[in-house]
Amino acid sequence: MRVLFLCHAFNSLTQRLFIELGARGHEVSVEFDIHDAVSEEAVALWQPDLIIAPFLKRAIPENIWRNHVCLVVHPGIPGDRGPAALDWAILNDETEWGVTVLQAAAAMDAGDIWAEARFPMRAAKKSSLYRNEVTEAAVQAVLDALDKFASGNFTPQPLDTSDPAVRGCLRPALRQHDRQIHWAKDDTATVLRKIRAADGFPGVLDEVCGVPAYLYDAQPEGELRGLPGAVIAKRGGAICRATTDGAVWIGHLKIKSEGEPAFKLPATQALAGRLDGVPEITANIGGGECSAIRYQEKNQVGYLSFDFYNGAMGTPHCEALRHAIEQALTRDTRVLVLTGGEDFWSNGLHLNLIEAAESPADESWRNINAMNDLTRAILTIDDRLSVAALRGNAGAGGVFMALAADQVWARPGVVLNPHYKAMGNLYGSEYWTYLLPRRVGAEHALTITENRLPLGVAQARQIGLIDASFGADPAAFLNELESRAEALASAPDYAARLAAKQQRHARDEAEKPLAAYRAAELEHMTLNFYGFDPSYHVARYNFVHKVPHSRTPRHLARHRGKG
Ligand code: COA
């Protein structure tokens with residue numbers, strides 16, 4: 001089928017559907033919802049059999065839905081309506097939620113139902129539920145709807161409001177007033193629910209140290225106590241605030257400013273100069289409740305996880321992780337498994353920290369060198385085998401960092417974006433010019449980096465970008481990961497594998513040293529950061545400040561042809 005995606009942005013859910021439909025042989029083109037006339041033009045050019053709106057913030061123009069079947073993906077159960085479906089589900093402490101695929105009609109989210117899928121709710125931030133449970137349910141429901149549409153004999157059903165099992169209802173948009181935290185009376189569970197219901201967007205507006213700020217990235221604290229609302233500790237980039245019955249860590253803030261638009265930063269950085277006297281708790285790398293980097297060991301396998309907010313890795317994150325790897329390598333294990341974060345493996349350079357720096361060019365330079373040092377530390381592990389285990393999505397330099405491990409394993413739903421060009425023609429480093437062709441060959445390497453398209457795990461496996469994918473859900477992935485890693489550690493050919501890797505490193509190094517790849521990549525990056533063409537700086541500014549798209553990139557809008 002020819003399918004047109006009408007969407008607000010090519011976000012993770014849209015990318016995943018793009019991959020799934022493509023894998024089933026459908027031809028998918030994408031148009032961003034910028035203006036009704038542009039959407040109408042896209043429909044006229046592509047002549048789609050079906051239009052899908054995976055992530056839309058405005059109504060589809062009537063001219064389009066009256067003349068074409070348009071399926072809208074709504075992150076709510078049947079009957080649920082409104083623009084804040086997941087936010088309400090978290091605030092209301094729903095135990096089960098779902099995704100409904102409806103046909104676009106005059107009233108938003110009220111069209112006839114083509115398919116639905118449910119999932120048990122999890123105590124997590126909205127963006128995490130969206131990237132995991134909602135995305136999986138959306139894939140299931142959209143594929144179901146596509147089959148029904150293709151059969152030609154399915155009639156979508158209007159919502160049966162007389163059915164007592166229909167629990168969904170119209171819920172209004174949430175105002176900051178509805179999200180407000182009442183520190184004097186809200187307990188920890190309530191505070192967490194309120195922050196998570198607004199994380200990643202829009203955040204809960206509050207006052208911290210006398211400054212209005214949006215709160216994100218909340219975790220419960222086990223021991224610390226204090227006056228409700230007070231900032232009682234800091235640790236890494238996070239601040240700890242007391243509640244009526246405990247305390248919560250808040251990792252990121254966006255200051256609400258009247259002047260220069262602000263963006264999310266680690267809380268201590270956003271509050272620089274305002275935390276004097278707040279006691280610092282040593283960030284405990286390798287352990288501790290709130291530490292982003294954790295190390296565990298079992299049956300001769302070391303597991304190192306690094307759950308950085310949004311997968312963004314600034315200079316300090318890269319240095320801390322490299323240090324943690326060095327520490328892990330002092331342990332008596334045979335395999336080191338790097339498990340990234342729950343939602344993201346890594347998205348490469350920390351563009352927000354770079355944007356906030358006095359000299360973004362200098363900070364870009366420091367950050368890419370720290371990423372390179374980290375990648376080299378993984379690549380040169382010579383005394384044991386290494387595995388990159390991707391539980392969540394990876395983008396740009398984050399993908400290439402994973403390729404530095406001997407084995408790359410991924411959960412089936414993971415979306416990979418192994419390219420840099422979309423960020424203002426960034427050339428990229430992380431030894432990608434060595435790591436990518438050695439896995440997929442020169443031809444695929446060129447296609448992957450030039451096409452700037454997301455890659456699914458099945459396709460990534462087919463071309464050799466990754467080695468294996470398994471586990472129906474995150475828990476199953478972790479279980480099987482453990483048994484596979486242990487099998488690797490005790491494999492009869494362990495010594496032979498290790499020797500083969502050492503020989504390969506020596507051979508490759510003699511042919512062309514890693515330092516030569518790095519130097520050549522960094523030559524291009526110097527031009528990106530300091531050269532005449534400001535494209536990277538403009539693209540980064542737009543990305544960090546979330547400047548709305550003014551057009552759909554040509555590589556996605558296939559109906560406009562490649563220009
Ligand atoms: N630095 C800082 N923040 C980043 C980031 C990065 N490298 N990559 C993603 N984020 C943030 C986004 O700003 C967004 O923030 P929010 O919580 O305020 O919404 C969040 O992570 C999720 O990103 P989003 O773009 O909404 O996710 P997605 O799944 O739709 O898209 C990517 C994934 C990887 C395609 C996209 O995030 C991207 O292009 N990231 C930049 C990659 C890059 O160029 N890195 C630098 C070169 S190594």
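First listed ligand is number 1; within each ligand, the first listed atom is number 1.
Stacking of K264 on the aromatic ring of Y216 is recorded, both the 6.0 Å distance cut-off and the 45° axial limit being met.
For F18, the ring-ring contact (aromatic ring centres under 6.0 Å, His included) partners two or more places apart in sequence, or in a different chain, are F10. When the side chain to side chain contact (heavy atoms under 4.5 Å, CB included) test is applied to E207, no partner is found at least two apart in sequence or on another chain.
For the pair L453 and H555, the minimum side-chain heavy-atom distance is below 4.5 Å.
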Could you tell me, for ligand 1, which of its N or O atoms are under 3.5 Å from any protein N or O, listing the pairs and their distances rounded to 0.1 Å?
from     : atom 1 : to   : atom 2 : distance (Å)
ligand 1 : 1 (N)  : L349 : O      : 3.3
ligand 1 : 1 (N)  : L351 : N      : 2.9
ligand 1 : 7 (N)  : N347 : O      : 3.0
ligand 1 : 7 (N)  : L349 : O      : 2.7
ligand 1 : 13 (O) : K546 : NZ     : 3.1
ligand 1 : 15 (O) : N310 : ND2    : 3.2
ligand 1 : 15 (O) : K546 : NZ     : 3.3
ligand 1 : 17 (O) : K264 : NZ     : 2.7
ligand 1 : 17 (O) : N310 : ND2    : 3.0
ligand 1 : 18 (O) : K264 : NZ     : 2.8
ligand 1 : 18 (O) : K546 : NZ     : 3.1
ligand 1 : 21 (O) : N310 : OD1    : 3.4
ligand 1 : 21 (O) : N310 : ND2    : 3.2
ligand 1 : 30 (O) : S12  : N      : 3.1
ligand 1 : 45 (N) : N347 : O      : 3.2

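In this structure, R122 pairs ionically with E342, as a charged nitrogen and a carboxylate oxygen lie closer than 4.0 Å.
Residue pairs that meet the salt bridge (charged side-chain N to carboxylate O under 4.0 Å, His left out) test with at least one member in residues 193-205, sequence neighbours left out, are D93-R193, D186-K194.
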